[in-house]
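I have placed the structure first, in the form of structure tokens, so that the comments after it can refer back to it.
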Amino acid sequence: MEYAYYPGCSLHVMSSEYDVSTRAVLARLGVTLREIPDWFCCGASSAHMTDAVLTDALPAKNLALAVKVNQRIAVPCAACLHRLKKTDHKLKNDDALLKNVNESIKDNYQGNAQIKHPLEIIQDDLKTEELSEKITRPLNNLKVACYYGCLLVRPAEAAIDDAENPERLDRLMNLLGAETINWGFKVECCGAGMTLAHKESIIGLAGRILNDAILNEADCIAVACPMCHTNLDLYQDQMDLKRKVPILYFTELLGLALGLDYNSLEIDKHIVPAKGMLLEKGLV
Amino acid sequence: MPRTGVFVCHCGSNIAGKVDVETVAAKALNFDRVVFSTTYKYMCSQPGQEVIKKAVRDNNLDRIVVAACTPNLHGKTFQRCIKTVGLSPYLSEMASIREHCSWVHTDPDEATGKAIELVRLATAKVRKNVALLPLNIPVTRRALVIGGGIAGIQSALDIAAAGFEAVIVEKEPSVGGRMAQLDKTFPTLDCSACILAPRMVEVATNEKVIIHSYSKIEKITGSVGSFEVQIKKKARYVDLGKCTGCGTCTEKCPVKVDSEFNLRLSTRKAISTPFPQAVPNVPVIDPHHCRYLTLGKCGVCQKVCQAGAVNYEDKDEIIIEKVGAIIAATGYDLFDPKKYGEYGGGRYRDVITGLQFERLINASGPTGGEITRLSDGKTPKTIVFIQCVGSRDEQKGKPYCSKICCMYTAKQTILAKEHIPDVQCYVFYIDIRAGGKNYEEFVKRAQTDYGAVYIRGRVSKLYEQEGQIMVKGMDTLLGEEVEIPADLVVLATAIVPRREARTLAQKIGLSYDQHAFYNEAHPKMAPVENLTLGIYLAGACQAPKDIPDSVAMASAAAAKICGLFSRDFLSIDPIVASVAETCCVGCNTCVAICPFKAISMEIRKDRTGQERQVATVNTSLCQGCGTCLPNCRSRCISLNNWTTDQLYAEVMTI
Amino acid sequence: MSEGFTPNLIGFFCQWCSYLGADLAGTNRLCYPANIKIIRIPCTGRIDPQFILRAFLNGADGVLVSGCHPGDCHYTAGNYFARRRMQVFKDLLNFMGFDQERLIMTWISASESKKLVKVVEQFNETITRMGPQKQLVLPTR
Amino acid sequence: MSKQFSSENIARLNAEILVKCGVDLKECYQCGKCSAGCSSNWMMDYRPHVIMRLAQLGQRAAILASQAIWVCTGCEICSARCPRGIDVAAVVDSFRQLAVAEDVRYGEHDIPLFHQYFLKETRDHGRVRELPLVANFKIHSEHPLSDFALGPTLLAKGKIKLVDDAKGSGVNDLQELFKLKV
């Protein structure tokens with residue numbers, strides 16, 4: 001199984017541990033990722049919030065570059081996934097727009113991409129039994145709050161799961177042996193791209209999410225988006241919390257369960273250290 | 001030689017504002033056999049009809065075309081009009097130059113041109129019309145009432161009071177319907193069972209009323225005056241004649257199943273009556289859960305029944321009833337809130353529907369009238385009511401207003417306060433719709449006397465936190481978000497037609513709308529009739545309705561039926577097929593095709609004494625669809641008022 | 001092609017559904033092209049293909065047959081017969097080399113006035129694009 | 001001060017939004033579900049349903065100068081839950097785009113500024129480099145020194161690189177589409 005790989009800017013530096021762990025677990029599971037040469041920023045929130053043309057031009061150009069590598073594209077960043085899928089959906093359903101956009105991006109995208117999040121690849125392309133067989137270090141005793149955020153589940157045309165009660169991440173964590181909590185903040189917004197621009201948003205929004213996870217006695221929060229990770233991880237010092245909660249990428253937890261080396265997953269890059277908790281649970 | 005008169009209506013400015021009616025009238029004079037034309041402001045008015053009558057007399061007209069609104073509105077009016085001057089009603093036609101022309105086209109020239117063309121088509125058809133005699137069909141003076149809720153019961157009692165028989169078919173083991181599930185009723189707070197139970201007893205003991213409970217309509221054939229109804233009486237496994245209603249079987253039955261009547265808030269036994277006041281008060285055995293019927297073991301109920309009423313060999317039975325008219329009173333279901341993921345999609349135990357709340361506060365309900373939480377049995381101190389769950393929600397539910405929720409929610413806040421004096425109720429609403437006698441006053445009382453806090457805004461999300469349901473809403477009047485930790489949340493889910501509404505309509509030939517509510521024949525002038533003659537509507541099967549409206553509608557439908565039954569014969573339009581026997585080759589095609597089995601073969605002898613078979617139409621069965629005509633090889637079938645000649649005449653003038 | 005061409009469209013509408021849908025379009029003051037004339041029929045099952053043929057011979061550029069949705073026929077099955085007949089008839093037209101797009105059959109219920117408008121607008125567009133129907137017109141006309 | 005309504009303004013703004021994002025503002029019946037679910041409602045001068053109401057009534061200037069349109073995170077929960085199926089998030093996007101295009105005085109300073117420097121990174125380097133973005137944005141923002149202390153931590157953790165080799169040449173084809181003012 002081979003995919004074109006679009007890491008996106010966040011995974012390039014800020015959240016490189018997500019990139020590293022995604023590549024590592026997919027390689028272990030037999031999925032080959034081929035990074036798109038010369039990929040560039042999808043525009044994230046900034047494009048659609050300020051400019052109608054760039055909204056679709058930036059994702060479309062990236063799609064055009066991607067399908068030259070492979071029609072199947074893996075996108076681990078929820079924001080990039082959301083932008084690429086939304087534009088792709090529009091282009092697939094509006095011939096006039098497709099023509100227009102192709103002219104402006106000086107390329108010829110055909111609307112033939114299949115865009116997937118690694119979570120979908122792991123759950124839909126691979127057999128559950130094969131995955132279970134490869135688990136060498138089950139996440140027993142670990143209580144995980146699965147957090148999906150906004151962009152993975154909304155709108156319907158870009159969603160990888162139900163908008164109000166998604167369960168993909170929970171299913172994967174359960175498969176790995178972890179216990180997952182039922183909580184009310186699975187799909188609440190953490191502040192998205194406001195990390196730097198408007199810290200008050202993050203303190204308020206991420207703070208509420210963290211508080212509910214603490215209330216439900218979660219050991220950690222599993223995420224599938226670099227922005228969710230940053231927002232939940234970065235400012236815990238400045239929030240009014242009973243305790244700190246390690247935020248882990250689902251690929252990191254999967255990597256641990258698959259027996260990958262702790263250091264190779266670069267988990268120590270997180271602001272809120274996870275090692276202590278993981279040691280306690282016997283996962284390191 | 002036909003002499004046709006054309007009458008062009010202004011309809012005030014509805015037509016004349018767009019269509020040049022004078023030109024239409026002038027052009028009409030050029031059409032074949034048209035000898036007279038005129039215009040008038042309101043042709044349907046009394047003076048307008050006088051214009052027609054005078055013209056018929058003065059000009060010796062024998063055909064008329066009225067160019068006005070749709071024939072569905074005033075076709076009958078003008079038929080009656082010319083009948084008074086001695087013309088057959090069937091010698092009139094209408095050209096719909098309002099609904100099909102002036103109201104739907106913008107350009108006056110185009111509209112006028114089209115109006116002229118529509119009149120041309122109508123004059124072409126009318127000259128081929130023939131004087132028909134109405135059919136007199138015998139009337140079976142018994143009525144079928146489908147549904148034994150309050151609407152069905154009321155209809156049956158009214159029909160019986162007029163001296164005619166009524167047959168109620170009820171799918172549940174007991175009559176009573178939704179009203180039997182309610183606690184108290186707005187705006188008077190009468191106990192629902194207290195006002196319903198006497199009616200149930202009355203209907204059960206009335207010798208003019210036959211109740212087939214636990215039964216379903218299988219098939220209905222025939223038409224107004226003489227319907228034949230096939231009813232499937234489901235196997236009850238308890239003999240209605242022998243059972244004394246002592247209840248020992250239910251008591252001893254070891255199997256517990258979720259109670260449908262209590263909306264899964266409690267259990268029932270595998271042999272049970274839905275509720276204590278059931279009519280008939282005879283239990284049924286649920287064959288899917290009965291141990292004897294599924295595993296062949298147990299048999300306790302049979303052993304304990306002293307009356308010997310339990311019969312495991314009971315089978316479904318088909319019975320036939322002949323009736324002259326039908327009332328559909330099938331009631332409503334509730335919208336399934338599972339679609340609301342943001343309200344938990346059914347995952348939260350302390351989020352219930354309004355009807356479940358009715359069962360909770362009902363003294364004979366699962367908790368004996370105690371309002372308790374399903375999760376921990378505690379008494380809620382904060383109850384949040386959410387209105388319009390499904391209603392007025394085009395994305396997840398239904399675009400329409402369910403009409404009764406504003407009122408029953410107000411009632412439930414009052415009852416909650418009466419049950420739990422220190423409870424605080426909040427109601428999230430978008431608009432309060434309390435049109436009805438003493439309704440607005442009732443809502444006011446809920447707010448002032450019972451302290452229900454009304455918050456204008458839709459709730460966005462419910463989630464569980466620390467044993468409570470967090471309600472995330474908006475006070476749009478304040479412009480601020482509100483978050484209320486609730487102990488219990490009650491959803492006013494939309495009123496939807498019964499799940500089986502569509503299938504039943506297709507069996508009977510009822511017309512229904514996109515939501516499967518049954519269509520009235522006219523939204524204002526014929527609100528209890530269906531387009532199919534002889535079928536009437538009562539209650540919430542037509543649209544969301546409260547008890548007074550349902551009862552009023554039920555009585556209205558019954559009155560219509562009593563009118564129908566007041567004569568021995570019913571005079572109906574002779575729009576039926578007929579066979580020209582001389583040409584019929586007896587191929588049998590029409591017999592096979594007819595949806596109403598109205599055509600059969602008969603043996604005729606010709607002059608030489610040779611026998612041959614020919615088709616004949618039973619006019620009391622023929623509905624006049626004309627499906628047989630195009631398939632007739634020898635073109636010997638004709639359909640009154642839609643003859644090939646008439647339709648051809650129209651097509652030839654396009 | 002056909003600059004300024006306004007097609008002559010004929011609708012055969014069932015009195016129980018589509019004709020009422022057209023009435024409703026009027027009541028709601030919706031707007032659709034004026035060049036369609038609607039002939040009221042008891043049921044689509046009544047339609048004899050010869051009516052349609054005759055309509056084309058008399059200069060119709062397009063014929064629209066509209067009845068009740070499957071399962072909703074007032075007479076339980078007339079629309080099913082009509083659908084089969086229309087299919088066979090269209091096959092015949094096709095075999096004759098006639099543009100079968102000029103004849104369409106749709107389901108429009110009494111409540112679907114908006115659908116009616118859409119159907120008529122689209123049909124009008126199609127036929128306008130196709131130009132005048134010349135394959136079946138009587139030489140005398 | 002009382003609001004001035006005019007039929008022209010109402011018609012014009014309704015048409016403008018319809019063209020920009022396909023939303024018919026008249027569909028909104030002011031139930032407030034968008035505002036109730038909105039993540040950022042607590043920071044807004046106008047809640048989403050009020051933005052919709054102002055828009056229905058042609059109050060274009062008030063919306064463009066609001067701070068609400070900028071603190072919206074774009075989480076789209078309003079659109080997902082709207083009972084009338086209105087894409088409220090797209091309406092807000094439209095107003096932000098109009099505000100940028102028309103260079104109005106923003107009701108919120110930092111957020112639009114951030115977007116501009118974000119896109120500048122994209123335009124000039126193809127990919128967004130964290131350090132120059134943060135530096136540029138912070139210097140020009142209203143709170144230049146906030147979170148200064150986080151810098152060393154981020155550097156130490158490798159969350160920010162001093163020298164970033166970010167590149168992505170594909171964007172060259174799009175240069176002329178960027179209408180940035182920075």
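Protein chains get the first letters and strands the later ones, always in sequence-line order, with residue 1 at the start of each. Atoms considered below: every heavy atom in the structure, side chains included; atoms not considered: hydrogens, waters and symmetry mates.
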Can you establish whether the number of heavy atoms outside [X] located under 6.0 Å from its atom [atom1] is more than 12?
X	atom1	value
B/Met525	CE	no
C/Lys90	NZ	yes
B/Lys507	NZ	yes

Need one label for [X]: side chain, backbone, both or neither, based on atoms under 4.5 Å from any heavy atom in chain C.
X	value
B/Asp107	neither
B/Thr106	both
B/Asn530	neither
B/Arg635	side chain

Is there a donor-acceptor contact under 3.5 Å from the side chain of C/His74 to the main chain of B/Thr532? no
Does C/Asn8 reach the main-chain N or O of B/Ile654 with its side chain, forming a donor-acceptor pair under 3.5 Å? yes
With only heavy atoms counted, which part of C/Ile41 is less than 4.5 Å from chain B, the side chain, the backbone, both or neither? both
Using 0.5 Å steps for rounding, measure from the CD1 atom of B/Ile593 to the CZ atom of C/Phe81.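 Nearest 0.5 Å value for the CD1-CZ distance: 4.5 Å.
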Distance from C/Arg46 atom CZ to B/Thr644 atom OG1, nearest 0.5 Å?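 It comes to 4.0 Å.
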Among B/Ile575, B/Asn519, B/Leu118, B/Asn631, which has the most heavy-atom pairs under 4.5 Å with chain C?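 Heavy-atom pair counts peak at B/Asn631.
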Among B/Ala111, B/Pro71, B/Gly113, B/Cys628, which residue has the highest count of heavy-atom pairs closer than 4.5 Å to chain C?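 Winner by heavy-atom pair count: B/Pro71.
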Side chains of [X] and [Y] in contact at under 4.5 Å (non-hydrogen atoms):
X	Y	value
B/Glu110	C/Asn35	no
B/Tyr512	C/Asp72	yes
B/Gln514	C/Ser109	no
C/Asp48	B/Leu629	no
C/Arg40	B/Met94	no
B/Glu99	C/Leu20	no
C/Pro42	B/Leu639	yes

The test is side chain to side chain contact (heavy atoms under 4.5 Å, CB included); show your working for B/Thr653 and C/Lys37 and say whether it passes. CA-CA 11 Å; B/Thr653 51; C/Lys37 281 170 289 203; over 6 Å; no
Determine, step by step, whether B/Asn72 and C/Gln15 satisfy the side chain to side chain contact (heavy atoms under 4.5 Å, CB included) criterion, reporting the C-alpha distance in whole Å, the side-chain angles of both residues, the deciding distance to 0.1 Å, and the verdict. CA-CA 9 Å; B/Asn72 294 310; C/Gln15 62 174 342; 5.6 Å; no
For residues C/Ala22 and B/His100, report the shortest heavy-atom separation together with the two atoms involved. CB-NE2, 3.4 Å
Shortest non-hydrogen separation from B/Ser96 to C/Tyr19 and the atoms involved: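 So the two residues come closest at CB-OH, 3.7 Å.
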Would you check if there is a donor-acceptor pair between the side chains of B/Asp513 and C/Ser111 at a distance under 3.5 Å? no
Based on non-hydrogen pairs under 4.5 Å, which of [options] is most in contact with chain B?
options	answer
C/Cys14, C/Ala34, C/Cys43	C/Ala34
C/Leu24, C/Leu30, C/Ile52	C/Leu30
C/Ala55, C/Ala82, C/Gly78	C/Ala55

In terms of ring plane angle, is the pair B/Tyr648 and C/Phe51 parallel, tilted or perpendicular, where the classes change at 30° and 60°? perpendicular
Tell me whether the NZ or CZ atom of C/Arg29 lies within the 45° cone about the ring axis of B/Trp103 and under 6.0 Å from its centre. yes
Step by step, would you call C/Phe12 with B/Glu650 a side chain to side chain contact (heavy atoms under 4.5 Å, CB included)? CA-CA 11 Å; C/Phe12 289 98; B/Glu650 281 194 86; over 6 Å; no
Run the side chain to side chain contact (heavy atoms under 4.5 Å, CB included) test on C/Cys31 and B/Val104 for me, step by step, so that the C-alpha distance in whole Å, both residues' side-chain angles and the decisive distance to 0.1 Å come before the verdict. CA-CA 4 Å; C/Cys31 193; B/Val104 287; 5.8 Å; no
